[in-house]
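Chain naming here is simple, since letters A, B, ... match the order of the sequence lines and numbering starts at 1 in each.
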Number of protein chains: 2
Amino acid sequence: MYEIETGAICPHAHHALTGPHMDEHTPDTPVDETEAGPDQGRPTLKTIAFMTGLGVTTVSRALKDAPEIGAATRKRVQMIARQIGYRPNRAGVRLRTGKTNVISLILDTEEQVGGFVSDIIYGISEALAKTSYHLIVTPYSRNNDPLEPVRYVVETGSADGIIISRTEPDDKRVRYMIEHGFPFATHGRTDMGISHASHDFDNYEYAAQAVRKLASLGRRRLALLAPPSNLSYYHHMRDGFADAIAECGLTEIPINGVTLDHSIQEVRQKTAQMMRRELRPDGFVSGSGSSTFALVAGTEDAGLEIGRDVDIVSKQSSKLLHLLRPQIFAVDENVRLAGFELARSVMGSIAGKDIASLQTLSKPGDAFQDKQG
Amino acid sequence: MYEIETGAICPHAHHALTGPHMDEHTPDTPVDETEAGPDQGRPTLKTIAFMTGLGVTTVSRALKDAPEIGAATRKRVQMIARQIGYRPNRAGVRLRTGKTNVISLILDTEEQVGGFVSDIIYGISEALAKTSYHLIVTPYSRNNDPLEPVRYVVETGSADGIIISRTEPDDKRVRYMIEHGFPFATHGRTDMGISHASHDFDNYEYAAQAVRKLASLGRRRLALLAPPSNLSYYHHMRDGFADAIAECGLTEIPINGVTLDHSIQEVRQKTAQMMRRELRPDGFVSGSGSSTFALVAGTEDAGLEIGRDVDIVSKQSSKLLHLLRPQIFAVDENVRLAGFELARSVMGSIAGKDIASLQTLSKPGDAFQDKQG
DNA sequence: TCCCAAATCTGAAACGTTACAGATTGAAAG
DNA sequence: CTTTCAATCTGTAACGTTTCAGATTTGGGA
């Protein structure tokens with residue numbers, strides 16, 4: 001049934017198949033509209049038009065429940081369409097309307113965080129599953145200009161909406177998309193005085209709770225392993241950390257030179273260095289699971305023990321931390337949910353929905369899992 | 001410059017923008033071909049045709065280096081195209097030729113393995129970066145029919161080629177795609193007497209080497225934590241394991257009821273159970289990093305110690321295992337490379353290249369990283 | 001001088017869809 | 001018995017591209 005279809009898709013079979021394709025148009029006799037020829041290959045509006053005896057316009061409208069089509073006709077057309085498994089040709093729609101039915105997820109391919117990308121993709125997929133949207137992944141390297149992939153998608157119109165992460169307080173990608181009226185949603189918030197679709201994890205709250213937890217354990221000198229300072233959530237996390245430090249009357253031991261973006265080796269080394277010093281932290285707040293692996297390793301390199309000499313509170317997106325060291329206090333960040341929300345947001349943005357409804361903030365939950373997970 | 005473009009993409013702006021779009025056709029005067037109107041919005045072939053004074057056909061051919069175009073014209077057209085940033089409209093090409101310039105990665109959204117998906121996507125992206133291909137992710141749930149997403153892509157022609165994983169020895173998706181002449185590449189091999197594009201990690205070799213390593217450590221009773229038995233690489237891994245067991249004169253302690261697909265909790269529990277028995281294994285071969293986390297936890301639940309009571313050899317795609325327990329012997333599987341190779345393979349398949357050149361097997365390398373990683 | 005072939009170039013048609021501007025009904029209103 | 005109007009339906013054109021079947025020019029050979 002779909003032979004032509006697959007043929008048409010397989011380039012090396014082009015010449016063989018495009019020849020006898022729809023040979024209703026014999027060069028001598030002019031086209032007779034009433035005989036649209038036997039349907040072959042994938043059904044189109046023309047196929048249905050032929051089967052129902054209607055015009056393609058009518059069929060097109062009937063399928064999208066236009067009001068000017070009789071109820072009987074509408075039902076008849078839709079029935080046949082379902083029967084023969086009609087699917088609108090995406091290229092046709094896209095060419096005609098400019099609507100691509102595609103969401104582009106723009107990804108940093110240097111991303112360290114294991115599982116982050118999988119989860120966000122699964123979440124997006126879940127939200128897109130019942131819609132006509134497809135998900136396309138547009139990668140870029142952190143070394144290059146992050147604006148470039150955005151510009152590419154906007155300029156070539158290869159998607160109807162964009163999802164970005166690694167959002168900055170003053171984000172030029174956001175500015176660009178706003179200026180071009182292009183729908184998008186950001187993972188993380190901005191601080192540009194502009195309202196736009198976004199989803200974020202409440203890192204302020206997380207860091208504050210983490211500090212309080214450590215304070216309640218009697219820890220006094222805390223260190224924060226934070227994201228790079230250009231990212232929005234650096235500030236949230238840092239503010240939550242600082243506020244709670246002040247609130248609890250603790251002191252901060254700054255970690256210089258490494259962030260969540262650094263390699264495990266670098267973090268491990270830096271941690272070991274720090275933990276061998278006189279005035280070392282007795283508590284860590286960590287922004288990501290994989291970095292916490294390095295934190296633990298570095299701490300133990302220095303001969304110290306988690307839970308005894310130092311406590312760690314860490315975010316995680318997978319559930320591995322309490323297997324690494326059961327003493328770690330792990331807070332789950334549901335990245336799959338983030339993906340889901342981001343997809344909903346960007347679709348809402350495309351549909352022109354009210355922006356207020358497209359901004360969500362995920363709370364850390366009461367998930368300070370204790371020694372047993 | 002791209003205002004029209006973005007407008008055309010943003011559905012809620014349609015009506016506003018399709019009106020004054022290219023108003024060269026005034027209803028009274030017939031079209032004068034020589035005045036193609038001022039180019040606005042995204043440049044098309046028509047734009048270039050107007051600028052050069054050539055026909056669109058000529059421009060189209062000039063851009064693809066057709067031989068029947070004069071060298072001077074060709075250069076002139078290409079120069080202008082570059083100048084004004086011409087990009088062929090994907091929908092136009094796709095509608096006309098049937099070529100989508102899209103590769104579909106079909107993903108099981110139940111996937112446990114953290115980082116696996118990210119890496120394979122990064123690898124694919126890398127291979128696609130310099131081409132005109134886009135990557136689209138087509139998800140499915142393991143509970144549903146795995147053929148369904150494949151059928152969807154083939155029937156709707158939403159991609160030129162497909163990449164699948166979780167390949168089975170007798171894989172109905174492979175059969176389906178072959179029957180429909182649809183280009184694809186599989187992550188993992190089949191055993192159907194059909195030759196097709198694929199990439200695989202040599203799990204036979206991995207398991208055999210793992211067993212020999214454990215044997216060299218004096219371990220005698222080995223257990224294999226294997227993939228589910230329907231997958232191809234189950235057999236490879238199991239055969240390598242069994243052959244080396246025989247070769248070294250060791251015995252196998254079978255693990256029943258859990259596979260790499262099972263949750264960490266399940267594996268952990270099962271492992272603990274097993275390790276409390278009289279005749280427990282003194283060596284593990286594990287097929288994935290995250291499962292090894294569970295293996296370690298379960299072993300320690302039973303009061304045993306890695307490196308003393310039992311040794312573990314495990315594959316990993318991230319580098320976390322030696323941070324978990326430095327005693328683990330980890331073998332790296334480069335999933336990013338797998339993605340890269342798969343993308344190359346499927347593109348080769350689309351281009352009709354010789355299949356022999358599209359089959360690659362990645363060797364485990366000499367990477368039996370010792371206690372220090 | 002004429003003709004033919006090669007070298008360049010060209011318009012028309014088509015891919016499948018939707019928007020526009022009617023066309024065709026039947027029935028209600030005058 | 002018209003006229004009008006709403007309710008349905010329809011053909012044409014257009015989106016941007018490539019293919020087909022020429023058209024035009026040039027130059028060489030006779």
Side-chain angles (χ1 to χ4, degrees), chain A residues 4-5 8-9 14-15 17-19 21-25 27 30-31 33-34 36 41-49 52-64 66-74 77 86-101 156-157, chain B residues 4-5 8-9 11 14-15 17-19 21-25 27 31 33-34 36 41-49 52-64 66-74 77 86-101 156-157:
Chain A
I4 290 295
E5 172 56 20
I9 273 162
H14 263 175
H15 303 305
L17 279 164
T18 43
H21 197 56
M22 280 282 179
D23 45 357
E24 33 172 333
H25 296 230
V31 186
E33 296 296 359
T34 58
R42 212 173 125 194
T44 70
L45 290 180
K46 207 161 149 192
T47 315
I48 302 180
T52 55
L54 297 164
V56 287
T57 304
T58 310
V59 174
S60 172
R61 294 165 106 105
L63 285 176
K64 45 175 53 66
E68 61 266 51
I69 302 295
T73 311
R74 193 161 44 211
V77 169
Y86 168 76
R87 305 274 205 154
N89 180 304
R90 304 196 125 231
V93 175
R94 181 166 170 175
L95 182 56
R96 179 61 235 244
T97 66
K99 176 133 211 261
T100 63
N101 281 298
T156 64
Chain B
I4 290 295
E5 171 58 17
I9 273 163
H14 263 172
H15 303 305
L17 279 162
T18 43
H21 198 55
M22 279 282 177
D23 46 356
E24 35 173 334
H25 295 230
V31 187
E33 296 296 357
T34 57
R42 211 172 126 195
T44 70
L45 290 181
K46 207 159 149 193
T47 315
I48 303 180
T52 55
L54 297 165
V56 287
T57 305
T58 310
V59 174
S60 172
R61 293 163 108 106
L63 285 176
K64 44 176 53 66
E68 62 267 50
I69 302 297
T73 310
R74 194 161 44 210
V77 168
Y86 168 76
R87 303 276 205 154
N89 179 305
R90 304 194 124 231
V93 176
R94 182 165 170 174
L95 182 57
R96 177 62 234 244
T97 66
K99 178 133 208 259
T100 64
N101 281 299
T156 64

Gap between atoms CG and C1', on B/Leu95 and C/dT17 respectively (whole Å):
8 Å
Detail all sub-3.5 Å separations between protein N/O atoms and N/O atoms belonging to nucleotides 6-10 of chain C.
{"unit_1": "C/dC9", "atom_1": "OP1", "unit_2": "B/Thr73", "atom_2": "OG1", "d": "2.7"}
{"unit_1": "C/dC9", "atom_1": "OP2", "unit_2": "B/Gly70", "atom_2": "N", "d": "2.9"}
{"unit_1": "C/dC9", "atom_1": "OP2", "unit_2": "B/Thr73", "atom_2": "OG1", "d": "3.1"}
{"unit_1": "C/dT10", "atom_1": "OP2", "unit_2": "B/Gly55", "atom_2": "N", "d": "2.8"}
{"unit_1": "C/dT10", "atom_1": "OP2", "unit_2": "B/Thr58", "atom_2": "OG1", "d": "2.5"}

Work out how much the helix from C/dT1-D/dA30 to C/dG30-D/dC1 bends between its end axes, five pairs an end, to the nearest 10 degrees.
70°
Counting heavy atoms from C-beta on, name the nucleotide in C/dC15, D/dT18, C/dG16 closest to the side chain of A/Lys46.
C/dC15
How many whole angstroms separate atom CZ of A/Arg90 from atom C1' of C/dC15?
17 Å
Measure from NZ on B/Lys99 to C1' on D/dG16 and round the result to the nearest Å.
17 Å
Rounded to the nearest 0.5 Å, what's the gap from CG on B/Leu63 to OG1 on B/Thr58? Could you check?
10.5 Å
Whole angstrom value for the distance that separates C1' of C/dG16 from CG of A/Asn101:
14 Å
Is there a side-chain contact between A/Leu54 and A/Thr73 in this structure, where contact means two heavy atoms from C-beta onward sitting under 4.5 Å apart?
yes
From CZ of A/Arg94 over to P of D/dG16, roughly how many Å is that when rounded to an integer?
13 Å
Before giving the answer on side-chain contact (heavy atoms from CB on, under 4.5 Å), spell out for A/Arg61 and A/Arg74 the whole-Å C-alpha distance, their side-chain angles and the decisive distance to 0.1 Å.
CA-CA 8 Å; A/Arg61 294 165 106 105; A/Arg74 193 161 44 211; over 6 Å; no
A/Asn89 vs A/Thr44, test: side-chain contact (heavy atoms from CB on, under 4.5 Å). Steps then yes/no.
CA-CA 8 Å; A/Asn89 180 304; A/Thr44 70; over 6 Å; no
In sequence, state the C-alpha distance, the side-chain angles, and the governing distance for B/Thr47 and B/Tyr86, and then conclude on side-chain contact (heavy atoms from CB on, under 4.5 Å).
CA-CA 9 Å; B/Thr47 315; B/Tyr86 168 76; over 6 Å; no
Inter-residue atom distance A/Leu45.CG - A/Thr52.OG1, 0.5 Å rounding
10.0 Å
Just verifying a value: how many Å separate B/Leu95 CG and A/Arg94 CZ, rounded to the nearest 0.5 Å?
11.5 Å
When rounded to the nearest 0.5 angstrom, what distance separates OG1 in A/Thr156 from CZ in B/Arg42?
6.0 Å
Send over the distance from A/Arg96 CZ to C/dA14 P, rounded to a whole Å.
19 Å
